[in-house]
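For the single chain, residues carry numbers from 1 onward in sequence order.
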Amino acid sequence: MAMIMNKCTSVTLTRKLSHPCCFSLDLFSLTANIRLLYPSKPKSFEFPALLLTFLNYYSVSPFQLNNANVHFTFDFNSFYVSFIDNSTHKTHLNQIHAHLLASGLRDCGFLITKLINVSCNLGETRYARKMFDEFPDPDVFLWNAIIRGYSMHNMFGDVIEMYSRMQMAGVSPDCFTFPYVLKACSGLLSLEMGWRVHGQIFRHGFESDVFVQNSLVAMYAKCSQIRHARMVFDGLYDRTIVTWTSIISGYAQNGEPIEALRIFSQMRQSNVKPDWIALVSVLRAYTDVEDLEQGKSVHGCVIKMGLEYELDLLISLTAMYAKCGQVTVARSFFNQMKLPNLILWNSMISGYAKNGYAEEAVGLFREMIGKNIRVDSITVRSAILACAQVGSLELARWMDDYIMRSEYRDDVFVNTALIDMYAKCGSLDFARIIFDRTLQKDVVVWSAMIVGYGLHGRGREAIDLYHAMKQAGVCPNDVTFVGLLMACNHSGLVEEGWELFHRMKDYDIEPRHQHYACVVDLLGRAGCLSQAYDFIMNMPIEPGVSVWGALLSACKIYRHVTLGEYAAEQLFSLDPYNTGHYVQLSNLYASVRLWDRVAKVRVLMKEKGLSKDLGYSLIEVNGKLQAFRVGDKSHPRYKEISVELERLEKRLKEAGFVPHTESVFHDLNYEETEEILCNHSEREIVVRDANRFHHFKDGVCSCGDYW
């Protein structure tokens, strides 16, 4: 309370039909004396409203307190400002506003500006707008107050509207106006409006104002115009931490983590100390490039600065450790939060799903919905990805049922993930149901279904869907052709696959390594090894691991040792510590009984410290997955299983089955499978190997024994 008083500190205030009262105008004693008059008022009745009630009771205004008979001076601006600043409810604002009107202060721009600011702070934007509209001829401070209020509540459309009205009223904006307006342009992703405001900044002479320019950098970055953001940044000589943070965040958010880290290094060289906002962006950049070691160094910096409990940094650290495979560390950060927000849940579930911890991801998702925590599309898609990895059809059905009851039933991204999930859980029928119920089918939806057909070796269906896609007016993309080539490869449709590969240029699609690898595999499995080799030699890009790996696999099938050795040499050069390449070469040698070379490969693996992981099989029984590893006897029903296997083996031999034994007792890349022909024609058995699904029905495999 700003009261300026002289030695005489008391005044007699008289109310009609009442006795004279004498009060000390010392703030604390005045409060006590007023409460004597109003004992019924609760203690929670704030002083500003109480004192205004007192003044109203005695019909006193600040003007009366300033008359010549009172021996002290009274600053009524400070008087009302103190009340306004201490207001905590709209009722207080109403009382103060009413007293301003009664006191003839309705046109005092300074006090009305304060009222509007506090109204907006309390969330009363409508009341603030009402006071603004009632004020005649508002100045720039009043315009800024209402624009600021809308901005702080993310009412960006209203910000732009008031800024436009401000210009029409002929009021020139100042350096405080533009940051709010640029924030609104960012929030609305209105690049066109941002360009117009940028031009007005020049016209009004704020091209060197660092705060305005910082807002420009942030606006362009948010609108994905990082090149323009960089131009503004480069033109600034007086760079603050906000300037650096804005451009670093811009690059990190626009998928350019390397440049974000380069500028961060430049900032440190300029002796600018990072704040927590800058560290959030740096952690995001290291997360994107999956540089765990550098991310750990930033974590150390966070601890030294005492920022380890900053929420946004906790989220960033959780996301970084989760994406980089350190899910245990990530979970420790997650568990630090009593009430993790949605971003933290998403980071943890996504981290589990993308690092092979599918069951943990599903478990966390179940926990989340069990606590009635609202999910978003990202949460749901991460959970669907995890269900696809688990491979349980029953779990997939549960996930589908959940989606059907949720608001994401018609979400095209979620439905695309469901199609992929069902395909990977062995059910093309359910995948097709999701595909057919999706009304707005974009190229991603069509491609997901085509890839599903490819995964199951349904080449003809994939090609038919491709033609239907074109008839629907949807242009294929590179993923579409991956699915088509995979489908042709898994079905032995060599001519169709070759033609489709050359159709890619019709859509201006440049083949990637995955496309070339599919073609090499397509040709190689068909026995066209020379053509496959020539195809590789004429590739416009350097052949990668997947291309040479496809050729080596084909050489193993057709026992072409010389070409297989050449392919293996390329693989050892490109990927020297991948166990699978050595095992493939060993299998090739074993298939032609070159046991001495098999031994050399084993020695080479031992020298490099490589060993083959044991293979395992999964089977779903009553919704529960059972895993069986080679030589593993830990299953609780192992004895029963062994007896049944012996019985089946006996029946197989009686039926004339002869197992493929060329590579027995030698390290195999994938466990050789012995398909069992059953007499249960009413059942369909779905088996997945390392490459694709096999459907056994009526004694026939869907691959036609091609794989």
Side-chain angles (χ1 to χ4, degrees), residues 87-90 93 113-133 138 140-167 173-198 200-201 211-226 229 242-243 245-250 252-254 275-278 280-281 284 310-313 315-316 339-346 373-379 407:
S87 297
T88 59
H89 194 273
K90 182 182 176 181
L93 301 175
T113 299
K114 290 289 294 184
L115 268 176
I116 290 175
N117 280 328
V118 174
S119 297
C120 292
N121 292 345
L122 297 176
E124 299 290 345
T125 53
R126 288 187 179 180
Y127 186 68
R129 178 63 179 269
K130 178 177 178 293
M131 286 189 288
F132 177 86
D133 289 340
V140 66
F141 304 107
L142 265 170
W143 284 103
N144 284 350
I146 194 64
I147 289 172
R148 167 192 168 274
Y150 283 136
S151 176
M152 72 184 297
H153 292 287
N154 296 332
M155 301 169 69
F156 300 129
D158 295 287
V159 171
I160 300 300
E161 177 204 345
M162 296 308 290
Y163 177 65
S164 299
R165 284 184 55 186
M166 178 183 185
Q167 291 177 297
D174 62 12
C175 62
F176 297 102
T177 315
F178 288 116
Y180 299 130
V181 179
L182 289 169
K183 178 186 173 183
C185 295
S186 301
L188 297 170
L189 297 179
S190 179
L191 181 60
E192 183 179 349
M193 185 66 187
W195 279 332
R196 287 165 51 192
V197 174
H198 193 173
Q200 289 156 5
I201 287 169
F211 301 106
V212 174
Q213 297 301 305
N214 288 347
S215 299
L216 269 175
V217 172
M219 184 274 294
Y220 280 126
K222 278 284 184 68
C223 293
S224 301
Q225 298 293 313
I226 194 65
V242 178
T243 315
T245 301
S246 296
I247 194 65
I248 292 170
S249 301
Q253 292 165 4
N254 283 278
D275 60 7
W276 68 267
I277 301 174
V280 165
S281 296
R284 175 174 180 166
E310 176 63 46
L311 178 60
D312 288 336
L313 281 171
I315 293 171
S316 298
L339 294 172
N341 65 9
L342 179 59
I343 300 175
L344 265 175
W345 284 98
N346 286 351
I373 297 172
R374 185 178 177 83
V375 303
D376 64 5
S377 178
I378 297 173
T379 325
E407 62 187 282

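In plain terms, the two heavy atoms of L188 and I160 that are nearest each other are CD1-CG1, 3.9 Å. Considering every non-hydrogen atom in both C223 and L191, the closest pair reads CB-CD1, 4.1 Å. Contact record, I343 with I315: CG2-CG2, 3.2 Å, taken as the closest heavy-atom pair. Of all heavy-atom pairs spanning P173 and M166, the tightest one is CA-CE, 3.5 Å. Taking each heavy atom of G149 and T125 in turn, the nearest pair found is O-CG2, 4.3 Å. The two residues T113 and F141 have their closest heavy-atom pair at CG2-O, 3.9 Å.
Between N154 and K183 the shortest side-chain heavy-atom distance falls below 4.5 Å. Proximity of Y150 to E161: side-chain heavy atoms (C-beta onward) are nowhere separated by under 4.5 Å. Counting only heavy atoms from C-beta outward, the side chains of K222 and Q253 approach each other to under 4.5 Å. With contacts defined as side-chain heavy-atom distances shorter than 4.5 Å, the pair V375/N346 does not qualify.
Here the side chain of H198 pairs no donor or acceptor atom with the backbone of L216 at under 3.5 angstrom. Put simply, the side chain of D174 gets close to the backbone of T177: a donor and an acceptor are under 3.5 Å apart. Using a distance-only test at 3.5 Å, with no hydrogens or angles considered, no donor-acceptor pair links the side chain of S249 to the main chain of S246. Here the side chain of D312 pairs no donor or acceptor atom with the backbone of I277 at under 3.5 angstrom.
Note that CH2 of W276 and OG of S281 are 9.5 Å apart. Values are rounded to the nearest 0.5 Å. Between the CZ atom in F211 and the CG atom in L182 there is a gap of 14.5 Å [rounded to 0.5 Å]. With values rounded to the nearest 0.5 angstrom, M193 atom CE is found 12.0 Å from S186 atom OG. To the nearest 0.5 angstrom, N117 atom CG is 9.0 Å from I146 atom CD1.
With S119 as the partner, the side chain to side chain contact (heavy atoms under 4.5 Å, CB included) test is satisfied by one option alone out of R129, K130, R126, M131: M131.
Between Y163 and W143, the distance from one ring center to the other does not fall under 6.0 angstrom.
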Pair F176-R148, side chain to side chain contact (heavy atoms under 4.5 Å, CB included): steps then yes or no: CA-CA 9 Å; F176 297 102; R148 167 192 168 274; over 6 Å; no
Residue pair Q213, I201: steps toward the side chain to side chain contact (heavy atoms under 4.5 Å, CB included) verdict: CA-CA 9 Å; Q213 297 301 305; I201 287 169; 4.0 Å; yes
CA sep, side-chain torsions, deciding dist, call: M152, N121, side chain to side chain contact (heavy atoms under 4.5 Å, CB included): CA-CA 8 Å; M152 72 184 297; N121 292 345; 3.5 Å; yes
Worked check of side chain to side chain contact (heavy atoms under 4.5 Å, CB included) between L311 and N341: CA-CA 9 Å; L311 178 60; N341 65 9; 4.1 Å; yes
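Taking a cutoff of 4.0 Å between a charged side-chain nitrogen and a carboxylate oxygen, R374 and E407 qualify as a salt bridge.
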